[in-house]
Every structure is written in C-alpha cells, then in structure tokens.
Enquirer: 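I am attaching a structure below and will ask some questions about it afterwards.
For reference, positions follow the sequence shown, starting with 1.
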Amino acid sequence: LGQEFSYNGLLGPAYWGNKYQTCVGKHQSPINIVEHYVEKVTLPPLWFSGFNIPRKAMLTNNGHTVLLKTIGTDVPLITGGPLRDDVYAFEQLHFHWGENDKEGSEDRINNRSFAMELHAVFYKLSYGSYKAATNFPDGLTVLAYFVTVAETFDPTYSPLVETLPLIEDIGSEAVLRDNLILESILKTNQPSMQNYFTYNGSLTTPPCSEVVTWIDFKKPHILSHEQIEAFRRIRSAEGERVTHNFRPVQPLADRIVFENIP
Ligand code: SG4
Ligand code: ZN
C-alpha cells in the first residue's frame, strides 16, 4: 500500500515519468490558472442529484491522502456545465494539503496556493465503472474546492475531521459516526457552484491519465488551522506524517482554461 509513488525523494513527482509515461504528457494537472488568460463562457447549469440524502460514509487512510467513499446503491450524479448531457457518478472524495497553511492546493490561481484542496471524483456512468471510465478522454470529472484558513471554520466538515484521529495509521478506515449529507460539504445547492474554472487535464498522481474534466469552484471553503492540522497527522507507508501531498504545477501548453459566468 502506498509505495508506488511519493511526494519526495526518488519516488517523487520529478521521477513519476520514469515508471508512468503519461506523467510527462502534454495535458497534465495541476496547472496555474492565470485569470487574465481565461476565456469567459456561459455554459448550461451544472445539475446535481442525490446529494441531499444522508449516506453511510467510510473514511480511509490510503497512505497518500484521506479518502471518503459513500456506501449504498444509488449514487449522487452530476451533469450539465462542461459535461453537456453526459451523466457522471460519484466515486470518492479526497484532499491535498501542505506543510503549512501557505501551500497545499494543486491548481493555483494567479500563482496563489491555498492551504488545501478537496477533490470530488466522478466517472462517466455510461462507461459502467470507475475503472473502465479511466480509459476514455472524457471518463472522469473532478470537482475541486480550494480551502482557505480562518477561525470561523465551516461546521459541515466537523463529522469528517472528528473521524481523522481514528485513521492515522496507513490502511485504517472508519465509518463516520452519523450518516453524511454530501450536499453540506460540497455545497451543491448553492448558486456559487455555477462560477468555476474548467479545463481538460489529468489525474494528479500516477498513472496521471489524461481523462479528467476539471471543475474548480471560485468560492473557497473555510477550515480552521486546527482542522487542517488533523489531516497532517495521518501517516504514510514510511510511518511518517503526510505533510505534503500536492503535485507541482504542470505546463498549460496548448490548452484553454474557461471560466463559467452564470
Ligand atoms: C489521491 O492520491 C487519491 O487517493 C487517489 O484515489 C486518486 O486516484 C489520486 O489522488 C488522483 O486523483 O483527483 N488528485 S486526483 O487527480 O482517483 C484516483 C485512489 O487511489 C485514480 C482511490
Ligand atoms: Zn486529488
């Protein structure tokens, strides 16, 4: 578990391309989004369904990050926006963070890093499974939320943050005490969800597959310093604390970043 790649040393991002050819591809993520160069567009609204149902949720330490999966049959779905009429199904959500509150996000805005970034990963339902979808250029979409730090933190994160001490060891998992309403964390019912950047990129970890429609919401989430510290206490395969699990930005090359103005 968790030994195939790392964020430092000889298994670090500069060497991912040795084992995984795609990681040196032309359409990699993350990127620096320069607002001056984005193309403003008005896409059809993003649509969310099934996010307001309480679900059993399981949190896992996979050695690289904290991963949350919901348990049950019917899954939350999204469509619209850059996804057009295609329907994508929720797979998992996870986080990226840094050693201190000045860094941690993967994408940057005007070269600014945020303390953390939440990724909610979805796969195109018509491909049948998450695994199958990763073989197609439009197979995945990731909803990305930047996190800034303030005393007045977002209480909807508390059930998740309170479970972190139970999964500090690699491979450990724990069910959240109460069923989770994804809508509370992901804010899928809020108008701010229609203002986002979108571009085509990749998974930000090996195998770095170029199969992701990225949707980065402009309105950041707010956590407290103490809440982010709880993430920094989870341990990796080497038994060390995971204090840096974000990939450096990659060249934009010939891609265009769009900003949706609702
Ligand atoms: C994290 O390492 C997750 O643990 C991985 O999920 C995820 O890989 C990887 O990030 C890349 O995803 O949204 N940052 S990202 O591009 O979803 C996949 C698992 O290992 C394949 C399950
Ligand atoms: Zn991620």
Enquirer: Taking CD in Gln21 as the centre, count heavy atoms belonging to other residues, nucleotides or ligands within less than 6.0 Å. Is the count above 12?
Expert: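 Atom CD in Gln21 is not crowded, with 12 or fewer foreign heavy atoms closer than 6.0 Å.
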Enquirer: Can you sort out the partners of Tyr130 under ring-ring contact (aromatic ring centres under 6.0 Å, His included), two or more places apart, ordered by chain and number?
Expert: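 Listed in chain order: nothing, the list is empty.
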Enquirer: Among all residues two or more places apart in sequence or in another chain, which pass the ring-ring contact (aromatic ring centres under 6.0 Å, His included) test with Tyr127?
Expert: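 Here the qualifying residues are Phe136.
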Enquirer: Under the salt bridge (charged side-chain N to carboxylate O under 4.0 Å, His left out) test, which residues partner Asp169, sequence neighbours left out?
Expert: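 Counting only residues at least two positions away or on another chain, Asp169 forms a salt bridge (charged side-chain N to carboxylate O under 4.0 Å, His left out) with Arg235.
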Enquirer: Name the residue from Phe90, Trp97, Trp214, Phe95 that meets the ring-ring contact (aromatic ring centres under 6.0 Å, His included) definition with His119.
Expert: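 Of Phe90, Trp97, Trp214, Phe95, ring-ring contact (aromatic ring centres under 6.0 Å, His included) with His119 is met by Trp214 alone.
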Enquirer: Let me have the donor-acceptor pairs involving side chains of residues 50-58, under 3.5 Å, with sequence neighbours excluded, atom names and distances please.
Expert:
residue, atom, partner, partner atom, Å
Arg55, NH1, Asp74, O, 2.6
Arg55, NH2, Gly50, O, 2.6

Enquirer: Within the supplied structure, the quantity of interest is the number of heavy atoms (other residues, nucleotides, ligands) at a distance under 6.0 Å from Arg177 CZ; does it exceed 12?
Expert: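 No, not enclosed.
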Enquirer: Any disulfide (SG to SG under 2.5 Å) pairs touching residues 129-219, not counting sequence neighbours?
Expert: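 Sorted pair list: Cys23-Cys208.
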Enquirer: Which donor-acceptor pairs under 3.5 Å do side chains of residues 36-48 form with protein atoms, sequence neighbours excluded?
Expert:
residue, atom, partner, partner atom, Å
Thr42, OG1, Ile261, O, 2.9

Enquirer: Has the side chain of Ser29 got a donor or acceptor atom that lies under 3.5 Å from a matching backbone atom of Ser202?
Expert: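 Flag set: sc Ser29 to bb Ser202 pair under 3.5 Å.
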Enquirer: Donor-acceptor pair, Glu103 side chain versus Asp101 backbone, under 3.5 Å?
Expert: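 Between the backbone of Asp101 and the side chain of Glu103 there is no qualifying donor-acceptor contact (under 3.5 Å).
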Enquirer: Check this for me: Asp85, atom CG, are more than 12 non-hydrogen atoms of other residues, nucleotides or ligands nearer than 6.0 Å?
Expert: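 No, the 6.0 Å shell around CG holds no more than 12 heavy atoms from other groups.
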